[in-house]
Structures are given as C-alpha cells and as structure tokens.
Amino acid sequence: MDNVKDILRKKIFSAVSSIADNIDSKPEDIVVETPPKPELGDYAFPMFPFAKALRKSPVQIASQIAEMLSADDANSYQATGPYINVKIKRDSVVSDTLRQVEEEGDRYGFSNSRSGEKIMLEFSCPNTNKPLHLGHLRNDSLGESVSRILKANGADVKKVNLINDRGIHICKSMLAYKELGNGTTPESENMKSDHFVGKYYVEFTNLSKQDEKAEERAREMLVKWEKGDEETIKLWKQMNRWTIDGVNETYEKTGISFDKVYYESETYASGKEEVLKGIEKGVFYKDEKGTVWVDLEDINLDKKVLLRADGTSLYLTQDLGTAIKRHGDWPFETLIYVVASEQQYHFKVLFEVLSRLGYKWAENLYHLSYGMVNLPEGKMKSREGTVVDADDLFAELASMAKNEIIEKERAEFIDDIEDTSEKIALSALNYYLLSTNPTKDMIFNPKESLSFNGNTGPYLQYMGARIVSILRKFGRNADRASVDTSLLKTDDEWDLIKMIGAFSDVVEEAGREYNPASVTSYTYELAKRFSKYYHDVQILNNEDSNLVEARVYLVEMVLQVLKNCFSLIGIPFLEVM
RNA sequence: GCGCCCGUAGCUCAGCUGGAUAGAGCGUCGGACUUCGAAUCCGCAGGUCGCAGGUUCGAAUCCUGCCGGGCGUACCA
C-alpha cells in the first residue's frame, strides 16, 4: 500500500513529466523533505533536480507545478522559492492511518519487501573461559535487534551462535582449575558457573607470573586435548558446561536467543579438509616446511597462513570450515557476521578466500562491524581489571531501577518489583547500546544510562505505561466502529498521525542499513510527541464524548506503534512501572 | 610505513542516497503539579560541523591533501 509520500511523489512526477519529456528519473527518486517550519506545510519537494531538463529556474518550476497540481486536488500546493510545499488535506489521511494501525496491529509498519530472502546472522560468539562482558552486550543487542528488524521486513532469518570452546585460552582456565581448584564447584562456592570458570582464567594469569612453566603446561594440555586424552576431555566438558550454562542464564535475562548453536570444537576439523581441497585446486600452496599459505598480495591483503606445518589449524581455517558447513546446513542468500571492527581485516580475507574456492555465495557475506565500547575513564583492559562484566552491570542497573521505584513510591502499584526492575534495566541498556551508529566506537557511561532521564529506554517505557494508564482509567477500548477521527484536528494530533504514518519507512531503512539506531530515534521522537500531546490536551476530561472517544482511539494506536518499535529494539513493554 | 574507521554544542550522540535558519538528551540557569502517572513538560544560554582546497546552482554530507584519535597489519582468537 502506498503511503502519503509515495502518492505525492507520483503526483509531482507526473506533473513534471507532463511539461518535460526528458526526465530520466522515476517517481521513487523524487526527494521528499520536511519543511523547516510546520506552518509551511507537511511535505516539501525541492525542484532543483529538474532545472536542467526543463531549462528553467527551480523557482519558476515550483510555481508552475504548484499551480497545475492545485487545480484539481484536495491537498494544497504552495510554491515557496524553489520548493513546493504541500499541506495535506488531513481528514482522510488521519482516518486511513489509524485504521491501518488498527487492522495490522502488531504487524503494522512491517512489510514483506524481503520475503523469501534467507539471511543467517552470527552474533555473540563467547569464549568458554570467561563470562560475557560489556562488548558482548553491544554485540548481542545488535545481533538480536538487526535480526528482528530483518524479520519485520519479511526476511527468513536464522540466528546462529558460535561457541569458541577450544584453543589455548580454554586450556589456561582448565589448567588453573586443575592445579588450584581443589575440586571446588560453582555450587560449593555459590558462584554463577561462568564466573567460577572466569575466576580460574584470572588465576592462570597470576600463576604464570610466578611460574614460567605454566604457559608450557597449558600448551601440553592443548596437545592432550587434540589427542582426545580422556581425563583432559572430561575436565574440558565439565568446564565448558559451567560456562555455557552461565552464559545461557545471561542470554535469558537479556532477551537473547539463537536458532542454532555451533561449536568450534565440532567445526574446526572441517576447515582443514577445505584447505586440503584448496591445495588441489591450486588456490593454496604448501611451502618447504609444510605450512599452507594463500597469497592475496595481488589485492593488497598479504599472504596468510591456513595450516601450520604441524597440521594444526588457525582462526581463519576454522571460519572457513564453519561458513561452508553453514551454507550446507541452510543455504542462505546472505550471512551477516556481527563482529567487532578490529576483525575487519580477518573478514576481508575470509570472504576473499571463500570466493577463490569457488563459492558463489561468498559475495553476499557481510561483516556487520561495530566499534568498541569504552568507559568514560578510558579503555577496557582485562589486564587492568577494567572490563565491565555483563552480569554485574545488569545487576547494578536493575538495583538502580528498583531504588528509583521505591523512591518514587511506585512499589505499591507493581506486582513483581524484581521483574519490573530488570525490565527497566534491560531497556536502559538496549536503548543506550543501540542508539549509537554501530560503526562508531562509543563511550558507555554507566551513570548516565542509569539516570533514566531524557532520551532513554525507561522514558519510552514510561510513555507506554502512561497510555495504558489512560486506557485503564477509561475502562474500555474506544468504540472503533463509530469513532469519528475527523474530530482529531489539532496540530499535536496531526503530528502524531504523520509520525505513525512514517514508521514503515523507518523499519525499511533500518533493515537496509542494518542499523537499529533509526528505530531508536524514531521511537523516541514518537514518544516525545505523545508526551507533549499528553501535556497540552486533556484526553479523558472533555464534555464532548465523541472527542474523548476519538482521542482514546488515537492514543491506543500510538501505543500499538510504540509496542511494535519496542519489539525491534529490545525494550520490554510495561503496563505499570 | 601501509590499510580500514572516526573527528558536529562543556559531555554523550542524531543529521537519510548533497538541499530552506545544523538538531536532541545530559549538564547550567529560569518556569509548570488541588486536574488523565512530574521517570513529565516549557523556556534561556551554548556551534568558524578538525583544518585547507576542490566538485556543484547548493557541501556537515561527495573528492583530494593535511592535522588529531582508534583499530588492524601474528603460524592469537
């Protein structure tokens, strides 16, 4: 269904075409803007692009086209300099927009534009030697949100995780536990199980400072692991279980889920086979020591090692195998890797190598690269202990939310304070992490994210809760069959309607750009306009019961759109907070 | 050195494929609760869009060069 903008684009286009036969653009290319002042109109069309073809000044074109369109149209067209400003005849747009929200409900704003497109998204990818940290939270937030946005555009999305459960770093925590653990368990120490494992990873660092043989013993352990030594495998399984159980708890709390989980320990071997095939194809070569290389110097990517002389594999080798396996499991059109920007080089190489191996789908692989999360004090460094633990941060946010609830004397209205506090914490976190463009490094200010003032997730939740509160007080839904939307004629009401009508464009853009920030800023803008409306207008207290009915209807539809936004950016909807 | 990314208000960030006077939030200051939830709203102040060229009717946006910062350039992941 065409929205107001599309209809206007077509009108402008056909008007321009009627006085020029050499326009080489399409109606979709017509630029629509919002006039700088609302008095000027609802939409603006600059005429600069047609000046050359018509060999007239944009000012002349604007006035000519405006006149042509005004002749036979309910909307008003006003030429202001080189712009045509359009004031919409509101009645039908108001009613059409609200009816559409009512009909489509929690699908409003979503589309089928990418229907049939199979998109696999990889994100999170924890190591099994320590719990999640703040960087993972950005990754998870992005991965989950982008996949929801793509689904909202009709795509068939599969979310996958890859657990990095093998390698020297895993052996380090295993070794420290073996030597220092004394048979303790997360239960015996009353610790969350991934934190328990993480403790031994830190212990290893201390150990290796005093004992220079520690590194060597860790390497020996890796060799034993590769050989399938029974005792080592048993320990490895135990510790992986602990970490993964703990990480899953965090996923659960933060609303993250996967359709399929891959384990590096299960996929890394297949990478080796692919490399051997690649040698036969002549894509790779073996040097005199037996090391396998790929030469990408022709495209300025250097030479990279794929297999060590001893036959063991590398990161690149594993990712190669994993990608090929995945395409075999589920033949995607696109595979999006949500991975930090520091790995850009790695993915360039990976994609190039896959392409040289002859996989056509390699050209549709995409690295959704995101910047680092830093603290106001500076960089997070594990060595200096400035890494922000995901669970700790979340617990701190929840506890702040709880204090806020108590301080504002809201506790008596809330059934489950713990649950509500966590939902507020989650909205604060997700909104903060998603509202910065992914490509940029960002500074996470815990204090600011906790303030809940201004442009934040809790603000959005609050606006939702206020609407629910109005509806509760009203006691029933608006009478949808008889509601007279033409009574909604204030500018605040019109602003809300226009905003609601623009939602589908936002969802489309967010999907195209893989950027949830379009949705976060839209949601804030919508909530803010509602808030202003709420202050300017008494929704329920009015003698005219038809007007009350219409306003309640409007507000119900605003709530629907807010909820649809929330579902895309990880903001839990709260009826009461 | 080379490659990629970033540089917009005191701070944190928006600004779509170039378009009318560059916008928010926080912070500062000043207003608004006997009225639908003040986790709110309204207002004031705050900018040579890193610098210099170029393309264009028009540049925060595109191109080039410089300056400043980050990341990468491992037989680590």
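None of these values were measured; they are calculated from a predicted model. Sequence lines set the chain letters: A, B, ... in the order given, protein chains first and strands last, and positions in each chain run from 1.
- Between A/Tyr432 and B/C26, a side-chain N or O to OP1/OP2 separation shorter than 4.0 Å is absent.
- The interatomic distance linking A/Gln60 (CD) with B/C57 (P) rounds to 17 Å, in whole Å.
- A gap of 11 Å separates the C1' atoms of B/G47 and B/A60, to the nearest Å.
- Nucleotide B/G47 has no partner under the Watson-Crick or G-U criteria, as no pair reaches both atom distances under 3.5 Å.
- In summary, the side chains of A/Thr439 and A/Asn437 do present a donor paired with an acceptor at a separation below 3.5 Å, with no hydrogens or angles considered.
- Residue A/Tyr524 is in sugar-phosphate contact alone, with no base atom involved, counting any heavy-atom pair closer than 4.0 Å across all strands shown.
- Using a 4.0 Å heavy-atom distance criterion, A/Ala465 is classed as a base contact.
- Taking every side-chain heavy atom of A/Tyr315 into account, B/A77 is the closest of B/U12, B/C36, B/A77.
- When atom types are taken as modelled, the side chain of A/Arg138 and the backbone of A/Gly371 share a donor-acceptor pair closer than 3.5 angstrom.
- The residue A/Asp302 sits close only to the backbone: its heavy atoms come under 4.0 Å of sugar-phosphate atoms, none of a base.
- For A/Asn153 (side chain) and A/Val507 (main-chain N/O), a donor-acceptor pair under 3.5 Å exists by modelled atom type.
- Among the heavy atoms of the strands, none lies under 4.0 Å from A/Leu301.
- If you check every strand for non-hydrogen atoms under 4.0 Å, A/Tyr459 touches sugar and phosphate atoms only.
- The nucleotide whose nearest atom lies closest to any side-chain atom of A/Tyr345 is, among B/U73, B/A20, B/C36, B/U73.
- Heavy atoms of other residues, nucleotides or ligands lying less than 6.0 angstrom from CD of A/Gln78 number 12 at most.
- Nucleotide B/C33 carries a syn base; the chi torsion (O4'-C1'-N9-C4 or O4'-C1'-N1-C2) is within 90° of 0.
- Taking a 6.0 Å sphere around NZ of A/Lys498, one finds it holds more than 12 heavy atoms contributed by other residues, nucleotides or ligands.
- When distances are taken from the side chain of A/Arg512 to each of B/A20, B/C16, B/U40, the shortest belongs to B/C16.
- A/Ser531 comes within 4.0 angstrom of the backbone, heavy atoms only, and of no base.
- At a cut-off of 3.5 angstrom, counting only N and O atoms as typed in the model, there is no donor on one side facing an acceptor on the other between the side-chain of A/Asn129 and the base of B/A77.
- The phosphate of B/A14 has OP1 or OP2 within less than 4.0 Å of a side-chain N or O from A/Lys440.
- Checking B/U12, B/A14, B/A77 against every side-chain atom of A/Asn127, the shortest atom distance belongs to B/A77.
- Here the separation of B/G3 from B/C66, taken at their P atoms, is 11 Å to the nearest Å.
- Shown here, B/G72 forms a base pair with B/C2; the pair counts as Watson-Crick or G-U wobble because both key distances fall under 3.5 Å.
- Distance A/Phe347 CZ to B/C5 P: 17 Å, rounded to the nearest Å.
- Side-chain N/O atoms of A/Arg472 include none lying less than 4.0 angstrom from OP1 or OP2 on B/C36.
- Across all strands shown, A/Val576 has heavy atoms under 4.0 Å from base atoms, whether or not it also approaches the sugar-phosphate.
- Judged by distance alone, the side chain of A/Gln461 and the main-chain N or O of A/Pro572 form a donor-acceptor pair under 3.5 Å.
- Rounded to whole angstrom, the span from the CD1 atom of A/Ile168 across to the P atom of B/A77 amounts to 10 Å.
- Considering only the side chain of A/His535, B/C41 comes nearest among B/C41, B/A39, B/A77.
- Ring orientation note: the planes of A/Tyr268 and A/Trp225 are tilted relative to one another, at an angle of 30° to 60°.
- As rounded to the nearest Å, B/A9 and B/G15 have C1' atoms that lie 14 Å from one another.
- A/Val59 comes within contact range of no nucleotide atom at all, as no heavy-atom separation falls under 4.0 Å.
- Atom name C1', nucleotides B/G43 and B/G7: the rounded distance is 32 Å, in whole Å.
- Among the atoms of the strands shown, base atoms are found under 4.0 Å from some heavy atom of A/Ile424.
- For the pair A/Asp319 CG and B/A77 C1', the interatomic distance rounds to 10 Å; values are reported in whole Å.
- Base pairing of B/U61 is not made with any nucleotide, judged by Watson-Crick or G-U wobble geometry with both donor-acceptor distances under 3.5 Å.
- Counting heavy atoms from C-beta outward, A/Ser435 and A/Tyr524 have side chains that stay 4.5 Å or more apart.
- Among the heavy atoms of the strands lying under 4.0 Å from A/Glu342 are primed sugar atoms or P, OP1, OP2 only; no base atom is included.
- Between B/C44 and B/G37, the two C1' atoms lie 28 Å apart (nearest whole Å).
- Place A/Glu509 and A/Met442 on RNA chain B by their nearest nucleotides, and A/Met442 ends up nearer the 5' end.
- The side chain of A/Lys473 lies closest to B/C36, out of B/U40, B/A20, B/C36.
- Taking the C1' atoms as reference points, B/G25 lies 26 Å from B/A20, given to the whole Å.
- Residue-level contact check: A/Ala51 touches neither bases nor backbone, having no heavy atom under 4.0 Å from any strand.
- Heavy atoms of A/Asn85 sit under 4.0 angstrom from at least one base atom.
- Comparing the P positions of B/U34 and B/G46 gives an interatomic distance of 33 Å, to the nearest angstrom.
- Between B/G37, B/C41, B/C26, one nucleotide has an atom nearer to the side chain of A/Asn453 than all others, and that is B/C26.
- Considering only side-chain atoms of A/Gln343, the nucleotide from B/A20, B/A77, B/C41 that sits closest is B/A77.
- Residue A/Ser521 has no polar side-chain atom (N or O) positioned under 4.0 Å from OP1 or OP2 of B/A14.
- Counting to the nearest Å, the P atom of B/G37 and the CD atom of A/Glu575 are 14 Å from each other.
- Mapping A/Leu314 and A/Pro46 onto RNA chain B by nearest heavy atom places A/Pro46 closer to the 5' end of the strand.
- With A/Val353 as reference, A/Val294 is the one residue of A/Leu301, A/Val283, A/Val294 to meet the side-chain contact (heavy atoms from CB on, under 4.5 Å) rule.
- Partner assigned to B/A24 is B/U12, using Watson-Crick or G-U wobble distances below 3.5 angstrom.
- Remark: aromatic rings of A/Tyr366 and A/Tyr514 are close, center separation under 6.0 Å.
- The OH atom of A/Tyr533 sits 16 Å away from the P atom of B/C42 (whole-angstrom rounding).
- Residue contacts for A/Leu540: at a heavy-atom cut-off of 4.0 Å it reaches a base atom on one of the strands shown.
- Of the listed nucleotides (B/G70, B/C16, B/A77), B/A77 has the atom at the smallest distance from the side chain of A/Asn164.
- In this entry the distance linking CD1 of A/Ile443 with C1' of B/C11 reads 9 Å, nearest Å.
- Note on A/Thr436: only backbone sugar-phosphate atoms sit closer than 4.0 angstrom, heavy atoms only; bases stay farther off.
- Between B/G30 and B/G72, the distance separating the two P atoms is 47 Å to the nearest Å.
- Listed nucleotides: B/A24, B/C75, B/C36. Nearest to the side chain of A/Lys528: B/A24.
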